[in-house]
Amino acid sequence: MPDRTAHTPAPPADRPDRLRNVALVGAGGAGKTTLAEALARTAGVLTRAGTVPDGTTTADWEDVEHQQQRSVQLALLPLPWRGLKVNLVDAPGYADFAGELQAALRAAEAALFVHSAADPEVARPVRALWRQCEDARLPRAIVLTHLGTARVRLDDVLRMLQDTLGTPDTVRPLHHVDLRDGHLHGLTDLLTGRTHGTPQDAPGLDAALDAERARLVEALAGEDDTLMARYLDGEGLDTAALTAGLRRELLTGTLHPVLATAPDGTGCDALLDLVADAFPSPADRTDELPAADPDAPLAAQVVHTGEDPYLGRLSLLKVFAGTLRPDTTAHLPDGTEERLTAPHSPLGRQLRPVPMAVAGDLATVTKLTAARTGDTLTTGDTVLPPWPLPEALLPTAVRARSKADDDKLSQALGRLSAQDPALRVEQNPDTHQLVLWCTGEAHLAVTLDRLTTRHGVHVDTVPYEVALRETFAAPADGHGRHVKQSGGHGQYAVCDLTVEPLPGGGFEFVDRVVGGAVPRHFVPSVEKGVRAQLAHGLHGHPMTDVRVTLTDGKAHSVDSSDAAFQTAAALALKEAAGHTAVEVLEPVDEVRVLLPDEYQGAVLTDLSARRGHVLGTEIGGPGLSLVRAEVPELELTRYPLDLRSLSHGTGQFTRSYLRHAPMPAHLAARHTAD
């Protein structure tokens, strides 16, 4: 691939107020990565913008991103603009990588919501993200892309955004857009009158611009008594005063500017001007996180972890307080020390050395050994809270393809889970399967690809097994006799057992032998044999919820032994099982589903089809329902994917083990036959 970088050094930032950290967020396919390329070219960082279909974008540099044609991890593009350093954080839009999106929001002080003008509505997950940013008081602006699509009417798009994300007073265009013949020809800034691109000079345009500008100026002045007084007195408001008003309203969340851009760069300089003039710096933070003081003790958080075949682990840090300098020694909250190497400013996969990273900046360090994504590194006593992560609820069992792969698999998965906190690795003690818990199929595909490409480990997926149990359906008696004589020391043990169901009670052993029929020192041997047989089960599944009572037995003064009584106990248990029905128990989970009200009916019907028992529904928030149900785990294997389809990507659910319950006979027969 030809080098498209302009070979400029990383933009410097020696003060927090010279920084702008901005997250690009929005639905998958909205054009975030394409916009990031155009902005990087406008800022002079790239000589030519790459494209997603060609796999040449700076932000999407992993092979798996080229294959899937979408971002799967956050990427940082530091851009110089008007003496500032703009850290542009490109976040994935697909639901499987919501953890990377949340990390991008932690790294930023503002968000640019990218919306395709060809999309007639804002996707539900994006609306939920907008509300999340609103609750966090994160300043937001909206950028329109794909303006060249046929039949795009900007007035209709703007009204839709105002109806969906705010009101006509809070969601306002910042520019007059010249959209002709399916192309964005230029923009005119309503505050400054500055033009970008080559907007049309049409008859009556000046009057239209004056009217649009008057509406925007009146909105900005209305929130400031001084500006309003000057405006009502007919005094001209200078650009500096209007820009200050715009910044104030954007920071307080009372105004969300709407801008437009094109892949050829039209509108990108106007967008970067807005970021420079009105977006907050790290010094403007008012949340509970540490203030951006460069002279304070270092407090940084790992927001992303990658890997380089030559440099090893790459950790992207957000420095919240203090200054990160080369060879700083910091520690994790548990006291583990890490030596922070020289900081670098990444540009996609390229690392550029920087002398330091002040409070508020983002920088990459190499070769951390213990720190994982989300961990705090500090020289003081600060512990930064984690950001919300999606719960990995899609299980996939894997098996190493060869002995060589098996030898490397554990270490490779350990490194992947350290880099990706959304990935959960489980060695199931009941089924003995190695299970990868992912957030969706795309997340699983990325994990398997990284296992192969990064670590050289090949695995095969195998059917996921649910941990079943067995139990007695009714009381039964069993007689176990283990007698062997072969000329020397023999084996002799006889015991009689009564087995009863004990719903929810696990296992209980009772000794009711009288008269010393089974010597006291062999009673523990009987219990040990019973436990061993219960663990193995009768049809391959462990047995539980039974009370086993030792009622009688016989022993030999010479030939009885611990092993003999263990064997006799197992035989007695098997005989008792032959006298009654043995039930197969399946795990049942408590499921809580949060979703928009309009999808409640479809989800309730689907839960019933999964043999679920709905416990009730309640209000889960404005326009949201919370459904509580008990559902067999066997029916939840693919539920994350099905719920996403049923609710158009808006439903969320949690699950927790509740109990084991009898499985229907026709299903039990199928699983015992296996």
Side-chain angles (χ1 to χ4, degrees), residues 5 7-19 21 73-78 80 84-87 89 103 106-108 281-283 285 289-386 411 414-415 418-419 421 454:
T5 59
H7 297 288
T8 57
D14 56 358
R15 303 198 316 262
D17 62 350
R18 309 302 294 171
L19 288 162
N21 299 317
Q73 60 185 348
L74 67 83
L76 178 63
L77 284 78
L84 301 177
K85 180 181 182 181
V86 179
N87 282 320
V89 187
R106 171 57 59 87
S281 74
R285 293 193 80 114
L289 298 172
D293 179 4
D295 298 322
L298 178 68
Q301 191 167 32
V302 183
V303 294
H304 177 72
T305 306
E307 191 155 323
D308 183 271
Y310 304 106
L311 298 175
R313 185 180 297 186
L314 305 176
S315 302
L316 178 63
L317 305 183
K318 169 67 179 285
V319 181
F320 284 94
T323 299
L324 173 60
R325 303 182 190 277
D327 296 325
T328 299
T329 299
H331 61 266
L332 298 169
D334 64 2
T336 303
E337 287 195 348
E338 290 272 27
R339 189 176 72 86
L340 307 181
T341 59
H344 291 76
S345 181
L347 177 63
R349 71 188 308 167
Q350 182 186 104
L351 293 181
R352 300 172 295 176
V354 291
M356 63 182 180
V358 298
D361 206 353
L362 294 159
T364 293
V365 296
T366 62
K367 300 179 180 178
L368 295 184
T369 56
R372 303 162 64 99
T373 300
D375 282 348
T376 300
L377 288 161
T378 180
T379 57
D381 55 5
T382 302
V383 178
L384 297 163
Q411 182 181 10
R415 292 168 70 175
Q419 297 161 20
R454 288 188 182 179

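Fair warning: this is a prediction, and the values are worked out from it, not measured in the lab. Computed over heavy atoms, backbone and side chain alike; hydrogens, waters and symmetry mates excluded.
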- Item | Intermediate values then yes/no, side chain to side chain contact (heavy atoms under 4.5 Å, CB included), Leu314 and His344 | CA-CA 10 Å; Leu314 305 176; His344 291 76; over 6 Å; no
- Query: Are Thr328 and Leu298 close enough that some pair of their side-chain heavy atoms sits under 4.5 Å apart?
  - Reply: yes
- Minimum-distance pair of heavy atoms, taken over all atoms of Pro343 and Ala357: CG-N, 4.5 Å
- Heavy-atom pair with the smallest gap, counting every atom of Thr323 and Pro294: OG1-O, 2.9 Å
- Between His304 and Leu76, is any pair of side-chain heavy atoms under 4.5 Å apart? no
- Query: Can you check whether Leu19 reaches Val358 side chain to side chain, under 4.5 Å on heavy atoms?
  - Reply: yes
- Item | Test side-chain contact (heavy atoms from CB on, under 4.5 Å) applied to Leu340 and Leu368, Thr379, Thr329, the passing residue | Leu368
- Message: Main chain of Arg372, side chain of Asp375: is a donor-acceptor contact present, judged purely on distance under 3.5 Å?
- Response: yes
- Task: Write down the atom of Ser281, the atom of Pro16, and the distance for their closest heavy-atom approach.
- Result: CB-O, 3.5 Å
- Main-chain N/O of Thr378 paired with His331 side-chain donor or acceptor, under 3.5 Å: yes
- Item | Sub-4.5 Å side-chain heavy-atom contact between Leu316 and Pro346 | yes
- Would you please say whether a donor-acceptor pair under 3.5 Å links the side chains of Thr305 and Thr373? yes
- Query: Hey, does Leu347 have a side-chain heavy atom less than 4.5 Å from the side chain of Leu77?
  - Reply: yes
- Residue pair Pro326 / Thr341, side-chain heavy-atom distance below 4.5 Å: no
- Message: With salt bridge (Lys or Arg N to Asp or Glu O under 4.0 Å) as the rule and sequence neighbours excluded, what pairs involving residues 326-343 come up?
- Response: Asp327-Arg339
- Query: Which pairs with one or both residues in residues 304-321 pass salt bridge (Lys or Arg N to Asp or Glu O under 4.0 Å), sequence neighbours excluded?
  - Reply: Glu109-Lys318, Glu307-Arg415
- Query: Taking side chain as C-beta onward, heavy atoms only, is Pro11 less than 4.5 Å from Pro78?
  - Reply: yes
- Checking side chain to side chain contact (heavy atoms under 4.5 Å, CB included) for the pair Val365/Leu324: CA distance, chi angles, key distance, verdict? CA-CA 10 Å; Val365 296; Leu324 173 60; 4.0 Å; yes
- Return the minimal non-hydrogen interatomic distance between Lys85 and Pro12, and the atom names on each side. CB-O, 3.8 Å
- Considering non-hydrogen atoms only, spot the tightest contact between Leu289 and Pro385 and give its length. CD2-CD, 3.8 Å
- Message: Test your reading of the model: is there a side-chain donor-acceptor pair from Asn21 to the backbone of Gly360, 3.5 Å cut-off?
- Response: yes
- Got a second to check how far Leu362's CG is from Leu317's CG, nearest 0.5 Å? 9.0 Å
- Item | Donor-acceptor pair, side chain of Gln301 and main chain of Val383, under 3.5 angstrom | no
- Task: In sequence, state the C-alpha distance, the side-chain angles, and the governing distance for Asn87 and Asp361, and then conclude on side chain to side chain contact (heavy atoms under 4.5 Å, CB included).
- Result: CA-CA 8 Å; Asn87 282 320; Asp361 206 353; 3.0 Å; yes
- Query: Given side chains that start at C-beta, do those of Pro290 and Arg285 come closer than 4.5 Å, heavy atoms only?
  - Reply: no
- Message: Which residues pass the side chain to side chain contact (heavy atoms under 4.5 Å, CB included) test with Leu84, not counting sequence neighbours?
- Response: Arg18, Arg20, Ala276
- side chain to side chain contact (heavy atoms under 4.5 Å, CB included) between Val89 and Val303, worked out: CA-CA 11 Å; Val89 187; Val303 294; over 6 Å; no
